[in-house]
2 protein chains.
Amino acid sequence: MSVTRERIIELGENLILTKGYNAFSYQDISTELGIKNAAVHYYFPTKANLGTSIVKTNILRFEEMIDNMHSRGFDEWKQLDAFIKIYIKSNREQKLCIFGSLGPDFDTLNENTQNELVKMTELIVNWLTEILTSGKEKGFFVFNEDSHNKAAMIFSSLVASLQLSRIVKNFDYKSFCQAIQEGLKS
Amino acid sequence: MSVTRERIIELGENLILTKGYNAFSYQDISTELGIKNAAVHYYFPTKANLGTSIVKTNILRFEEMIDNMHSRGFDEWKQLDAFIKIYIKSNREQKLCIFGSLGPDFDTLNENTQNELVKMTELIVNWLTEILTSGKEKGFFVFNEDSHNKAAMIFSSLVASLQLSRIVKNFDYKSFCQAIQEGLKS
DNA sequence: AAAAATACTTACTAATAAGTAAGTATCCAA
DNA sequence: TTGGATACTTACTTATTAGTAAGTATTTTT
């Protein structure tokens with residue numbers, strides 16, 4: 001596949017994660033890549049097209065990560081830890097996550113992009129629910145809440161705390177993530 | 001103060017909570033109010049001006065709520081419950097909260113708006129930290145985490161789950177909030 | 001009654017946005 | 001070697017945006 005195409009997706013994603021979907025333009029991408037605005041339209045006729053592709057890329061990336069973890073025989077703790085590490089990395093790079101960034105713009109998104117975002121979100125929350133459930137059964141995790149609610153809690157915490165971290169000074173994201181994990185022990 | 005001015009703030013806030021800051025325009029407001037675009041500029045010369053006023057209004061509203069709860073002698077449970085009820089109401093109205101909506105757009109906001117948003121966020125998180133601390137001291141709340149992390153967790157959960165609720169079908173927001181509160185008992 | 005403040009409208013400007021049609025250069029395959 | 005696919009550029013259009021300058025009607029103050 002085309003290198004330019006991939007760089008557009010990468011740059012578009014970064015712009016969404018820093019400025020938000022409705023604040024970035026094709027010009028932002030084209031000037032950064034040293035090409036013309038129309039060249040971006042060559043690969044992605046509409047912004048909705050690009051948005052959808054970016055979410056689809058995120059879905060693929062997540063599915064690959066899960067497959068990879070399964071093939072490596074990761075237990076529930078390791079899987080959760082790997083997931084949390086993605087957020088720690090995002091925080092280090094001063095970025096949000098795709099859900100936290102596109103979520104508030106949901107109503108302004110194209111139907112296809114909305115559908116992919118729904119797909120991605122359900123994929124993540126359902127996966128989290130499952131590892132919490134099986135981890136609890138195995139005695140790894142201790143919590144009283146319903147697994148789905150607990151999954152939503154952990155996911156929501158990670159998502160919105162990326163925003164908190166950018167806004168509240170001296171917010172210790174790593175310590176926050178540790179607290180989430182510690183909370184699953186007792 | 002002017003009725004029109006207040007309706008602009010109210011409408012602007014609603015637009016931020018549904019479409020996001022960068023997706024709404026003065027035209028959205030003026031057509032809804034049956035006035036001209038320039039009339040909105042009469043009250044708020046720039047969009048940054050309006051944004052800042054909206055956040056300031058939210059700060060005032062929050063401070064009034066706290067004062068009100070203090071004068072009514074609300075204990076920590078009742079205070080937390082009142083806070084959570086705001087989110088339940090937002091969810092019922094299919095809205096996000098101002099932090100969850102402006103957070104992702106932070107870098108695109110005017111400096112004054114950013115400062116107010118920081119102020120509001122710290123106000124909320126510090127207040128939550130305080131009631132968690134004193135509630136724990138009194139034996140009302142039971143949790144092992146550091147109060148500040150726990151406050152960030154609860155706040156983040158409430159914020160991002162408003163987004164989750166719009167995106168994931170069959171998400172039971174009330175049950176989710178109950179789970180948060182139950183989690184403070186054992 | 002005159003002056004001034006209030007609450008707008010009219011009629012714009014300048015910038016930026018997404019998007020497109022038509023053209024060009026390069027490379028690869030038949 | 002020629003035709004077509006690929007990867008763009010040039011040069012636009014149309015729409016929308018924030019923002020403004022100048023004018024008008026109404027109310028309030030002096």
Side-chain angles (χ1 to χ4, degrees), chain A residues 1-55 101-102 104-114 116-117, chain B residues 1-55 101-102 104-114 116-117:
Chain A
M1 222 188 278
S2 161
V3 174
T4 307
R5 195 191 139 92
E6 275 170 13
R7 292 182 70 193
I8 291 170
I9 288 186
E10 193 190 327
L11 246 168
E13 185 178 338
N14 269 324
L15 286 163
I16 289 175
L17 301 184
T18 49
K19 302 176 70 172
Y21 182 79
N22 290 306
F24 91 87
S25 71
Y26 270 31
Q27 223 69 44
D28 290 334
I29 292 175
S30 61
T31 54
E32 182 75 27
L33 293 185
I35 56 178
K36 298 295 163 186
N37 154 52
V40 184
H41 279 283
Y42 169 73
Y43 290 100
F44 302 97
T46 68
K47 200 181 174 181
N49 245 294
L50 175 57
T52 306
S53 291
I54 289 170
V55 182
S101 191
L102 290 183
D105 299 331
F106 192 78
D107 288 358
T108 71
L109 300 175
N110 166 275
E111 211 189 306
N112 294 320
T113 315
Q114 287 186 345
E116 291 302 320
L117 191 59
Chain B
M1 222 188 277
S2 162
V3 175
T4 307
R5 193 191 141 92
E6 275 171 12
R7 291 182 71 194
I8 291 170
I9 288 185
E10 193 191 327
L11 247 168
E13 185 178 339
N14 270 325
L15 286 163
I16 289 175
L17 301 184
T18 49
K19 302 177 70 173
Y21 182 79
N22 290 306
F24 91 87
S25 73
Y26 270 30
Q27 222 69 45
D28 289 334
I29 293 175
S30 61
T31 53
E32 181 75 28
L33 293 184
I35 56 179
K36 298 295 164 186
N37 153 52
V40 185
H41 280 283
Y42 169 73
Y43 290 101
F44 303 96
T46 67
K47 200 182 174 181
N49 245 295
L50 175 55
T52 306
S53 291
I54 289 170
V55 182
S101 192
L102 291 183
D105 298 331
F106 192 77
D107 288 356
T108 70
L109 300 175
N110 167 274
E111 210 189 307
N112 294 320
T113 314
Q114 286 185 347
E116 291 302 320
L117 190 59

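Proteins come first, then strands; the chains are lettered A, B, ... in the order of their sequence lines, and each starts at number 1. Treat the numbers as computed from the prediction; the structure is a model and nothing was measured.
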Minimum heavy-atom separation for B/Pro104 and A/Pro104, please, with both atom names.
CG-CG, 3.8 Å
Which pairs with one or both residues in residues 23-38 of chain B pass side chain to side chain donor-acceptor pair (under 3.5 Å), sequence neighbours excluded?
B/Lys19-B/Asp28
Expected output is a numbered-order residue list: members of residues 17-35 of chain A with a heavy atom under 4.0 Å from any atom of DNA chain C. What is it?
A/Phe24, A/Ser25, A/Tyr26
Contact string for nucleotides 22-29 of chain C, one letter per nucleotide 5' to 3', B = base within protein heavy-atom range under 4.0 Å, S = sugar-phosphate only, - = neither, reads --------
Between CG on residue B/Leu15 and CG on residue B/Leu11, distance to nearest 0.5 Å:
5.5 Å
Is there a side-chain contact between A/Phe24 and A/Thr18 in this structure, where contact means two heavy atoms from C-beta onward sitting under 4.5 Å apart?
no
side-chain hydrogen bond (donor to acceptor under 3.5 Å, both in side chains) with A/Thr113: which residues, sequence neighbours excluded?
A/Thr52
What are the two closest heavy atoms between A/Ser53 and A/Phe44, and how far apart are they?
OG-CE2, 3.4 Å
Between D/dA7 (P) and A/Arg7 (CZ): distance, integer Å:
15 Å
CG/A/Asn14 to CD1/A/Ile29 distance, rounded to the nearest 0.5 angstrom?
10.0 Å
Who passes side-chain hydrogen bond (donor to acceptor under 3.5 Å, both in side chains) against B/Thr108, sequence neighbours left out?
B/Asn22
In whole angstrom, give the distance that lies between atom CG of B/Asn37 and atom P of D/dT17.
9 Å
Check side-chain hydrogen bond (donor to acceptor under 3.5 Å, both in side chains) between A/Asn49 and all other residues, then give those that pass, not counting sequence neighbours.
A/Thr46
For residues B/Ile16 and B/Asp105, determine if any side-chain heavy atom of one lies less than 4.5 Å from a side-chain heavy atom of the other.
no
Output all residues satisfying side-chain hydrogen bond (donor to acceptor under 3.5 Å, both in side chains) with A/Glu116, sequence neighbours left out; order by chain, then residue number.
none
All pairs passing side chain to side chain donor-acceptor pair (under 3.5 Å) where residues 2-11 of chain A contributes a residue, at least two apart
A/Ser2-A/Tyr43
Check DNA chain D against residues 39-55 of chain A and give the residues with a non-hydrogen atom under 4.0 Å, in numerical order.
A/Ala39, A/Tyr42, A/Tyr43
At under 4.0 Å, does any side-chain N or O of B/Thr4 touch on OP1 or OP2 of C/dA7?
no
Give the angle between the helix axes at the two ends of the helix from C/dA1-D/dT30 to C/dA30-D/dT1, taking five base pairs at each end and rounding to 10°.
0°
